[in-house]
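Inspection log for the structure reproduced underneath, given as structure tokens.
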Protein chains: 2
Amino acid sequence: MSKRTEKTIVDIAEELQLSVSTVSRALNDHPNISARTKERVKKTARKLGYRPNALAAGLRNNKSKTIGLIVPRISMFFPATISTIIQNKLQEFGYNLIICQSNDSYEQEVALVNTLYSARVDGLVVSTTLYTTDFSHFDVFRDNNIPLVFFDRVPKDYNVKVIKGDDYRGGYIGTTHLIEKGCKDIVHISGPLTCCLYSDRVAGYKSALQEFKLPFKKSRVFYQELTKENAWQTCEKIFSQKPYPDGIFASNDTTAITISEYCRSIHLRVPEDVKIVGYSNDPRTEIVSPAVSSVDQYPGMMGERVVAVLMEMINGRQTAVPRYSQEIIPIQLIERQSSAGKVKAGKKKLSLS
Amino acid sequence: MSKRTEKTIVDIAEELQLSVSTVSRALNDHPNISARTKERVKKTARKLGYRPNALAAGLRNNKSKTIGLIVPRISMFFPATISTIIQNKLQEFGYNLIICQSNDSYEQEVALVNTLYSARVDGLVVSTTLYTTDFSHFDVFRDNNIPLVFFDRVPKDYNVKVIKGDDYRGGYIGTTHLIEKGCKDIVHISGPLTCCLYSDRVAGYKSALQEFKLPFKKSRVFYQELTKENAWQTCEKIFSQKPYPDGIFASNDTTAITISEYCRSIHLRVPEDVKIVGYSNDPRTEIVSPAVSSVDQYPGMMGERVVAVLMEMINGRQTAVPRYSQEIIPIQLIERQSSAGKVKAGKKKLSLS
DNA sequence: TGGATTATTGCAAACGTTTGCATTAAATTA
DNA sequence: TAATTTAATGCAAACGTTTGCAATAATCCA
């Protein structure tokens with residue numbers, strides 16, 4: 001057991017004939033320890049190879065200097081980007097980040113919340129499962145007044161701090177853009193409605209159609225997990241019979257890109273025959289040809305806001321009283337090749353105000 | 001302070017008129033606690049909303065049930081995929097994972113090692129910075145016999161457990177493939193040689209050239225951080241004067257994809273005029289056109305091996321004595337459009353044994 | 001029925017910090 | 001110089017567990 005080499009502050013104290021309290025205070029730069037003592041203590045700390053034990057300090061202080069993060073998966077562009085930012089930002093504040101993935105499983109999410117509570121994280125950041133509609137597993141955090149922030153995929157009707165993208169507007173803008181480019185029959189491929197993200201975007205899609213007096217047809221909206229496989233299957237369904245849509249608005253970029261591939265496979269031209277808009281502005285949209293238009297969600301801004309809000313809560317500037325508050329991060333449409341120009345020859349441009 | 005609601009095992013003990021030790025053992029299913037008592041304890045634990053305090057347990061047991069992971073960045077495909085797998089796998093074993101990014105900064109890496117040590121992680125997994133050549137900051141772990149595993153970007157000459165891809169072979173296979181497809185003047189774009197990954201691949205590249213009696217020219221190898229921007233610049237250099245190379249082997253896919261874009265921009269045809277092979281088999285290689293050939297590194301296998309080895313070390317089956325041991329994960333070339341067919345008309349196929 | 005074995009439970013120390021309060025030493029003032 | 005203030009240090013409890021050992025209760029066998 002070489003563990004016997006672990007030095008503690010009592011070793012330092014003994015070596016210097018000081019009390020442990022003095023050593024502790026010296027290491028923490030407590031004001032009423034003399035400069036000379038601080039020097040001596042720090043020096044022998046280095047000499048002995050002393051490493052503070054964060055567990056012990058955490059136990060005593062009832063804080064772990066650790067934040068928990070739960071996301072569906074870190075292999076997807078948007079959560080990955082946000083996680084990166086959160087992690088880097090927290091590092092600046094001296095916090096560690098425990099990143100966990102629910103893999104979009106409700107049960108896993110519940111389990112993770114509990115282990116992160118046991119780990120006594122000082123705060124929890126979460127983007128929920130596609131299927132989380134009951135949020136009571138977060139009560140432990142909320143009721144114990146431990147900072148809790150949701151982002152992107154956030155609860156509806158749960159009294160808590162929420163930071164989300166402007167999904168309604170995203171749905172609206174994406175659809176409007178296609179209409180302005182001349183599309184008259186726009187399919188929307190959405191995620192499951194249990195997730196607020198998608199219901200908001202669908203609402204935006206609807207209101208855009210309505211505003212431009214285009215009919216909303218139930219058969220033109222698809223609800224599915226937004227995987228490549230599902231996208232391909234849905235394409236097969238869509239293009240199994242005419243009339244073909246002249247625009248498709250997909251609620252993520254994996255889907256948008258797959259649609260584009262499918263169109264090529266059946267010799268439909270993008271954007272001439274079908275225009276496509278995706279969501280998230282995944283960098284893949286740029287390298288694919290034609291490049292795919294997409295709704296950017298400013299992940300950087302969102303990540304920074306998450307950390308800022310969290311830190312305010314931790315430092316008590318923000319009232320930690322569980323109070324619903326929603327912060328909306330703007331979105332922006334990035335126009336690319338996949339939705340360029342006019343609908344196929346013969347149709348003329350809608351004149352829009 | 002609603003923190004006063006935190007229940008501990010002594011609350012359970014009081015409620016049941018038992019000793020804390022009995023409660024502790026009951027909760028941990030210790031064999032010599034009667035079934036009846038266990039039942040009662042667990043029931044009131046639930047009733048009181050008791051949550052174990054992992055910090056306290058960790059302090060007492062000298063283990064945190066937490067693993068540290070340091071990667072350059074989690075936004076890159078390969079480390080992201082591995083992190084995902086490691087995280088999911090560890091979850092099965094009841095371990096949390098603290099994911100940290102060094103952002104390819106040596107100083108940050110050093111700092112992270114120290115905070116993870118302070119957090120008393122039960123093990124550390126790391127893929128180093130591009131520029132880490134001094135590994136002494138890992139001594140704390142090695143010397144205290146705390147499981148330490150390196151993967152992908154691993155140390156040379158540091159006595160420790162290492163799991164890496166077969167980069168020499170990857171370099172060899174990638175180059176050989178281009179040669180077999182008829183290339184005679186192959187550029188190699190490599191990362192900095194401080195990183196074992198790249199030096200191994202360069203070695204593979206060299207030996208392939210040698211084997212096929214092609215000259216190795218220093219001017220045909222470039223060493224740089226493998227970013228998009230650098231790739232573009234290097235392309236400008238390469239194609240600023242003739243003769244153009246007829247094959248390019250890039251040490252990552254971002255670079256390979258950018259090269260392909262550059263070629264299109266100057267109206268060079270891929271693969272007819274230039275053939276391209278990348279590294280890592282990033283999914284982007286598939287959606288780009290022409291699809292880019294790449295060397296797959298089996299991230300799944302690597303991730304699983306990392307966790308398996310780590311668990312063996314933690315459970316003491318593997319000797320934890322710091323002993324260098326290297327495990328090589330195979331690679332596989334995935335041929336795609338970017339390196340298909342023959343070199344431009346007029347050249348005839350090399351007949352290879 | 002009594003002694004021995006076995007099954008349960010309890011006591012108390014330990015893990016490494018931090019911190020309120022008490023104490024001592026040093027500096028200041030009258 | 002004595003009394004008072006200020007600066008620096010020490011004592012001991014506390015954070016919530018776990019665990020070796022001791023103690024008690026229950027069971028068994030002859």
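Predicted, not measured: the structure shown is a model, and the values here were computed from it. Every chain is numbered from 1, with letters handed out A, B, ... down the list of sequences.
Nucleic acid contact for A:Ser24: base, since at least one base atom lies under 4.0 Å from a heavy atom of the residue. A:Leu18 comes within 4.0 angstrom of sugar-phosphate atoms only, judged by non-hydrogen atoms across all strands, and of no base.
Between B:Leu27 atom CG and D:dG16 atom C1' the separation is 12 Å, expressed in whole Å. Computed from coordinates, the A:Arg36 CZ to D:dA7 C1' distance equals 15 Å when rounded to whole Å. Regarding B:Ile12, its CD1 atom lies at a distance of 11 Å from the P atom of D:dT18, rounded to whole Å. The separation between A:Asp29 atom CG and C:dT19 atom P is 14 Å, rounded to whole Å. The distance between atom NE2 of A:His30 and atom P of D:dA7, rounded to the nearest whole Å, is 13 Å. Rounded to an integer number of Å, the gap from B:Lys65 NZ to D:dT18 C1' is 15 Å. Spacing between atom CD of A:Gln17 and atom P of D:dC11 amounts to 11 Å, rounded to whole angstrom units. Summarising the geometry, the separation between CG on B:Leu55 and P on D:dT18 is reported as 13 Å, rounded to the nearest angstrom.
Side chain A:Arg25 to base D:dG10: a donor-acceptor pair is found below 3.5 Å. B:Ser21 contributes a side-chain N or O that forms a donor-acceptor pair with the base of C:dC11 under 3.5 Å.
Counting heavy atoms from C-beta on, the side chains of B:Pro72 and B:Asn103 never come closer than 4.5 Å.
Toward the 5′ end of DNA chain D lies the nearest nucleotide of A:Asn32, the other residue of the pair A:Asn32 and B:Asn61 mapping further downstream. Toward the 5′ end of DNA chain C lies the nearest nucleotide of B:Val23, the other residue of the pair B:Val23 and A:Leu59 mapping further downstream.
Contact check on B:Asp104 versus B:Arg73 returns a salt bridge, with a Lys/Arg side-chain nitrogen under 4.0 Å from an Asp/Glu carboxylate oxygen. Ion pairing between a basic and an acidic side chain is recognised when a charged N comes within 4.0 Å of a carboxylate O; A:Arg40 and A:Glu15 show no such pairing. A salt bridge links A:Arg120 with B:Glu6; the closest basic N to acidic carboxylate O contact falls under 4.0 Å. With salt bridges taken as basic N to acidic carboxylate O contacts below 4.0 Å, none links B:Lys164 and B:Glu327. Between B:Glu39 and B:Arg36 no salt bridge is recorded (no basic side-chain N to carboxylate O distance below 4.0 Å).
Between C:dT9 and B:Ser34, a contact under 4.0 Å exists linking OP1 or OP2 to a side-chain N or O. At least one side-chain nitrogen or oxygen of B:Ser19 sits closer than 4.0 Å to the OP1 or OP2 atom of C:dG10. A:Thr8 has no side-chain polar atom (N or O) that falls below the 4.0 Å cut-off from OP1 or OP2 of C:dG16.
Note: A:Tyr117 and A:Phe141 have perpendicular aromatic rings, judged against thresholds of 30 and 60 degrees for the angle between ring planes. Ring orientation note: the planes of A:Phe135 and A:Phe150 are nearly perpendicular, at an angle over 60° on the 30°/60° scale.
Partner of A:Thr132 under the side-chain hydrogen bond (donor to acceptor under 3.5 Å, both in side chains) criterion, out of A:His137, A:Arg153, A:Glu109: A:Glu109 alone.
Of the residues in residues 113-123 of chain B, none lies under 4.0 Å from DNA chain D by heavy-atom distance.
The main-chain N or O of A:Val71 is never found under 3.5 Å from a side-chain atom of A:Ser127 such that the two would form a donor-acceptor pair.
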Item to check | Letter per nucleotide, 5' to 3', of nucleotides 22-29 of chain C [B base touched, S only sugar-phosphate touched, - untouched; heavy atoms, 4.0 Å] | outcome: --------
